[in-house]
There are 2 protein chains.
Amino acid sequence: MTSETRQKILEAASNLFELQGYHATGLNQIVDESKTPRGSLYYYFPDGKEEIAAEAVTLRMSEAITHTYQLINQVDDPAEAIYEMIFKASQKIIEQGYCTGAPIAAIALETSNSNERIRQACAQGYEGLQDVIRAKLVLSGFSSQIAATLAATVAASMEGAMILSRTQQNPDILIQVAAQMRIMIQTASKS
Amino acid sequence: MTSETRQKILEAASNLFELQGYHATGLNQIVDESKTPRGSLYYYFPDGKEEIAAEAVTLRMSEAITHTYQLINQVDDPAEAIYEMIFKASQKIIEQGYCTGAPIAAIALETSNSNERIRQACAQGYEGLQDVIRAKLVLSGFSSQIAATLAATVAASMEGAMILSRTQQNPDILIQVAAQMRIMIQTASKS
DNA sequence: GTCTATAATAAGATAGAC
DNA sequence: GTCTATCTTATTATAGAC
């Protein structure tokens, strides 16, 4: 039942939402970009744009969570693993010419006061991402409470740094944050 | 030259941009909310919405910079000063019912690929905010380079935490980041 | 599953009067 | 400085054919 058309729509939509945000992205543009039949959009997504956005957010964040999980567990030392994760994000943003980064931040901010369904999809995505980081830290011997605080700081600083780097068209902040997160985790007490 | 009508438009616009973002905010809504004459909008802002947004961003960030400067220099110890700054932001977001926070983040993300003028206004605002934090750290004895890295991390983590707290309608991340930034600065080497 | 046509609405922007 | 009216062009969404 995993329709290919449906999947194409979600992928095109999530890319456009990352580049432009929610309200700037029209359904026509999603149809054009996805190269899917015009008549299929409301067939697969009866609730229209709202449903597409909620599903696109969920899809994008589940991909990000899987990717983060694999990346962060390639390296044993948590400080090094998190450093490399953020540093790689800085390299990706450079490659892409500073037009991407923080895939759901725009949509989260644009809809947090106007659309509960989309807001909740964003909130769940953010929570899942934090959980992966926290689990890595717990596995590395940090107490549950300290791991939670460190994970929150890593997730928040990475999200903020992506926005700042993208806006300033400069990877420096992301690179500085990567280095600082490494130091922070290295010097953190484990209990 | 400081027209009151002009000022009212900018204030209403910057509030709406914070709540809804750029593309969801219409010129009619700005006129209504600001309680200014309909015919004045294009008189004061010949370039229309783009000009309003660029000026609103500049206004909002210069206020934020002034506010941050005063707040951060009330307390001598930099770790404590930054802790209180972020903690106060968490209290404000609670008071406001999680509908505000990160005043220009949405507009920055929505326009970073489509409007150079607005993007630059956002970039300058973010830079000014970092400068205030960096200056405080330099004054506290940190080397220029370490102060820059710490300031970048504080600015990024605060921005990210505001977005996450707002999206999750929960102040925890902001409070955890406040606590962690305090530890980070306390334990940072000064050179 | 997919099509076209269109409804219904709202957007940003401009012209010309006063 | 401010007004109204209007142009142009989007938008989301639906109806009905195939």
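First the proteins, then the strands, lettered A, B, ... as listed; each starts at 1.
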Return a table of donor-acceptor pairs under 3.5 angstrom between the side chains of residues 103-110 of chain A and protein atoms on other chains or two or more places apart.
residue	atom	partner	partner atom	Å
A:Glu110	OE1	A:His23	N	3.1
A:Glu110	OE1	A:His23	ND1	3.1
A:Glu110	OE2	A:Tyr22	N	2.6

List the atom pairs, with distances to 0.1 Å, where a side-chain N or O of residues 177-191 of chain A and a protein N or O form a donor-acceptor pair under 3.5 Å, not counting sequence neighbours.
residue	atom	partner	partner atom	Å
A:Arg182	NH1	A:Glu80	OE2	2.7
A:Thr187	OG1	A:Ile183	O	2.9
A:Thr187	OG1	A:Met184	O	3.4
A:Lys190	NZ	A:Ser140	O	2.5

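Evaluation of the salt bridge (Lys or Arg N to Asp or Glu O under 4.0 Å) rule for A:Glu18 yields A:Arg60 as partners, not counting sequence neighbours. The side chain to side chain donor-acceptor pair (under 3.5 Å) search around A:Thr58 returns none, not counting sequence neighbours. Residues meeting the side chain to side chain donor-acceptor pair (under 3.5 Å) test with A:Arg38, sequence neighbours left out: A:Asn28, A:Asp32. For A:Gln7, there are no side chain to side chain donor-acceptor pair (under 3.5 Å) partners two or more places apart in sequence or in a different chain. The salt bridge (Lys or Arg N to Asp or Glu O under 4.0 Å) test applied to A:Glu33 returns no partner, not counting sequence neighbours.
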Please list, for nucleotides 15-18 of chain C, all pairs of protein and nucleotide N/O atoms separated by less than 3.5 Å.
none

List, with names and distances, any nitrogen or oxygen atoms from the protein found under 3.5 Å away from nitrogen or oxygen atoms belonging to nucleotides 10-12 of chain C.
residue	atom	partner	partner atom	Å
C:dG12	OP1	B:Thr25	O	3.4
C:dG12	OP1	B:Lys49	NZ	2.9
C:dG12	OP2	B:Leu27	N	2.8

For nucleotides 3-7 of chain D, list the nitrogen or oxygen atoms of the protein found under 3.5 Å from its nitrogen or oxygen atoms, one pair per line.
residue	atom	partner	partner atom	Å
D:dC3	OP2	B:Arg38	N	2.9
D:dC3	OP2	B:Gly39	N	3.2

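Among residues at least two apart or in separate chains, ring pair (Phe, Tyr, Trp, His ring centres under 6.0 Å) pairs with a member in residues 70-97 of chain B are B:Tyr83-B:Phe87. A side-chain hydrogen bond (donor to acceptor under 3.5 Å, both in side chains) check over residues 151-160 of chain A, counting only residues at least two apart or in different chains, returns the pairs A:Tyr126-A:Glu159.
Between the C1' atom of D:dT2 and the OH atom of B:Tyr44 lies a distance of 9 Å, rounded to the nearest Å. For the pair B:Lys8 NZ and D:dG1 P, the interatomic distance rounds to 14 Å; values are reported in whole Å. Between A:Ile30 atom CD1 and D:dT12 atom C1' the separation is 11 Å, expressed in whole Å. The CG-C1' distance, from A:Asp32 to D:dA10, rounds to 14 Å in whole Å. Note: CG (A:Leu41) to P (D:dT11) measures 13 Å, nearest angstrom.
Within a 6.0 Å radius of OH in B:Tyr69, other residues, nucleotides and ligands contribute 12 heavy atoms or fewer.
Side chains of B:Gln91 and B:Glu95: a donor-acceptor N/O pair is absent below 3.5 angstrom, by distance only.
A close approach under 4.0 Å does occur between a side-chain nitrogen or oxygen of A:Tyr43 and OP1 or OP2 of C:dG1.
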